Colleague: 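Sharing a structure with you now.
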Amino acid sequence: MSSSRQAFKLVVRNACLLTAAPGFEPFVGHIAVGQDGRIASVGPGEPPPEADSDRFLDAEGKIVAPGFVSAHSHLFQSPLRGLGTDQTLYGWLNAIKQLSEHATAEDIYWFCLHGSVDFLRNGITTGYDFTYSGELGGGQRSIGIGEAVGSSQVDQEPYEEAQIRAKLDAGLRFIKSISIVPLGTEQEIEERVERILQYAGRYSDSPLFLKMAISGWVQRASGIEGAFREVRIMKRHGLMNQAHFLESPERVPEQQAKFSWYRDAGALGPDFVFGHFIHTTPQIVHETAESGACMCWQPSANGRIGSGTADIPALRKAGIKIGIGLDDQSCSDLSDPFQNLRMGLYSIRSLYKDATVLSVRDVLHFHTLGGADILGVASKVGSLEVGKYADFLVVDPRCPDTGPVHDPIATYVLACSLRNLQQVYVGGNLVAEGSRLVGRDEDKIRLEVDTRVARLKAARDGSVATLDLTRAQ
Ligand SMILES: [Zn+2]
């Protein structure tokens, strides 16, 4: 190798590239990945002549697109699928609470690892993770609107640390969101956040750990002080906040009234994301757009638990930025980003009885660069552009054959699915191939999860007589 040649980690040739960069058009070209795992060159045609690498990948004309961004996820819930199947939000949440409230920090490590590798295997390379902080613990109370349940006795830190380790061990890129569990005194809550930030900071050198965030709780709070608390924490530590809001179809006016709590506390702005944001009013939409706050849409989860359909065209028309998430794997059940895109597209077109109201390009944007944008990480992930991490998917629309490709974006969004997903790369490293993980003992993860869930089920069934299920909202 002559000294003028550049040694890349990986060079991909002959790819049908959907970069998802602003205004992108598909083209056949290359990607060269630097030793730092970032994209050094991407463009039409062959790689630059000075490109040299030990690893060349001939994509043979297959689609190469950015890894999906799930802008709203709860990875630890991955082994809790198929529960509460005829329930809306709080009924379903109580069904999984009966299991998760018995979980130890080590259980949560394995559950989060399970969820993280599941994401990678399915082409989701970045996740915003609402980590478990003991908020489903605290004994026998059921969860509902306006109820702060959980236990201030639960030591959050081992749980939080377990979930950071799990995502790093899996190799998933992530934003870690700390639940601001409204239990204990003001000082106790703020000190708890302080401690979590401190030890989470020990892992922040990893290129997988994109940023910290907080998870707002006003949806389930009983007073405005919770909103002020969140704003204080956001400002003091420079953190974004994604808050579940206007999700459940129950007691909607009561939920809508809480919008003013966030507004009056000064929470709204570009660092604020409303998760779900289904049952809005024109005034709420207007004020959100004015503030620059964003929203995150979970089409599969919203359908599964009957939450409703967010009015995406109205939100977009108002100028609100939108991302898409898979939500937790226990209420999406299948963390399939292709299904999620189409669930969203079809639900909106059906709602409006209009196929022009949302395009294939729109939904692809929401699940890639749009998701990264609302989370403030668009300079690192979400599209295939020079300087960003080389997180990408190789998808073959001809295997199994979906027919001749007339429009690669349309084929990708409308006709491709997990069966066409052949390879997943994170930072230029192959992490999954044809639904199998690379370099990871899947049997070990399955065995750990099965054993631990069996123990939680035994604990649940041993205490079921004392659970007051009639209090579910
Ligand atoms: Zn959620």
Side-chain angles (χ1 to χ4, degrees), residues 68-81 83-84 87-97 100 108 111-112 115-116 118-119 124 126-136 143-145 147-150 163 167 174-181 213-221 230 240-250 255 258 262 272-280 293-310 322-337 340 343-344 366-367 371 374-375 473:
F68 287 99
V69 174
S70 176
H72 179 125
S73 322
H74 308 247
L75 291 163
F76 77 92
Q77 294 181 20
S78 182
L80 305 175
R81 307 180 199 203
L83 296 166
Q87 302 286 321
T88 50
L89 177 64
Y90 291 105
W92 159 80
L93 199 50
N94 279 298
I96 64 159
K97 174 185 185 301
S100 58
I108 295 293
F111 294 1
C112 186
S116 303
D118 182 56
F119 263 22
I124 305 145
T126 296
Y128 179 103
D129 190 19
F130 294 96
T131 49
Y132 180 65
S133 310
E135 68 269 23
L136 296 177
I143 300 169
I145 297 165
E147 283 189 273
V149 306
Q163 292 166 92
K167 290 186 284 283
F174 63 96
I175 293 99
K176 173 182 167 38
S177 189
I178 309 168
S179 287
I180 307 301
V181 184
I214 63 166
S215 160
W217 269 60
V218 163
Q219 175 173 271
R220 278 159 54 185
E230 289 173 21
M240 66 163 292
N241 184 355
Q242 181 170 176
H244 288 75
F245 204 72
L246 297 174
E247 177 180 2
S248 159
E250 292 113 346
Q255 295 185 62
K258 294 180 180 178
Y262 270 134
F272 196 92
V273 178
F274 285 111
H276 298 290
F277 215 41
I278 298 167
H279 309 287
T280 53
C294 313
M295 79 81 77
C296 192
W297 182 26
Q298 281 63 249
S300 298
N302 295 160
R304 158 43 150 114
I305 57 176
S307 296
T309 306
I322 297 165
I324 286 185
L326 262 305
D327 214 348
D328 53 74
Q329 284 123 313
S330 55
C331 75
S332 296
D333 302 274
L334 175 61
S335 57
D336 178 345
N340 204 35
M343 285 282 298
F366 295 156
H367 222 339
I374 66 164
L375 303 177
Q473 300 291 309

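Computed from a prediction, not measured in an experiment: that's the story for all the values here. Atoms within each ligand, like the ligands themselves, are counted from 1 in listed order.
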Colleague: Which atoms form the tightest heavy-atom contact between Glu247 and Gln255, and what is the distance?
Modeller: N-OE1, 3.7 Å
Colleague: Using 2.8 Å as the cut-off, count the protein N, O or S atoms closer than that to the Zn ion (ligand 1).
Modeller: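 Counting protein N, O and S atoms closer than 2.8 Å to the Zn ion (ligand 1) gives 4.
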Colleague: Looking only at side-chain N and O atoms, does Thr88 offer a donor or acceptor that is under 3.5 Å from a partner on Glu250?
Modeller: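 Judged by distance alone, the side chains do pair up.
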Colleague: Taking side-chain contact (heavy atoms from CB on, under 4.5 Å) as the criterion, tell me which of Asn340, Asp118, Asp328 meets it with Ser335.
Modeller: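 By the side-chain contact (heavy atoms from CB on, under 4.5 Å) criterion, Ser335 pairs with just one of Asn340, Asp118, Asp328: Asp118.
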Colleague: Checking Phe111 now: which residues fulfil ring-ring contact (aromatic ring centres under 6.0 Å, His included) with it, not counting sequence neighbours?
Modeller: none
Colleague: I'd like to know whether the aromatic ring centres of Phe130 and His72 sit less than 6.0 Å apart in this structure.
Modeller: yes
Colleague: Could you grab the distance from atom CD1 of Ile374 to atom CZ of Phe366, nearest 0.5 Å is fine?
Modeller: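 The CZ atom of Phe366 is 10.0 Å from CD1 of Ile374, to the nearest 0.5 Å.
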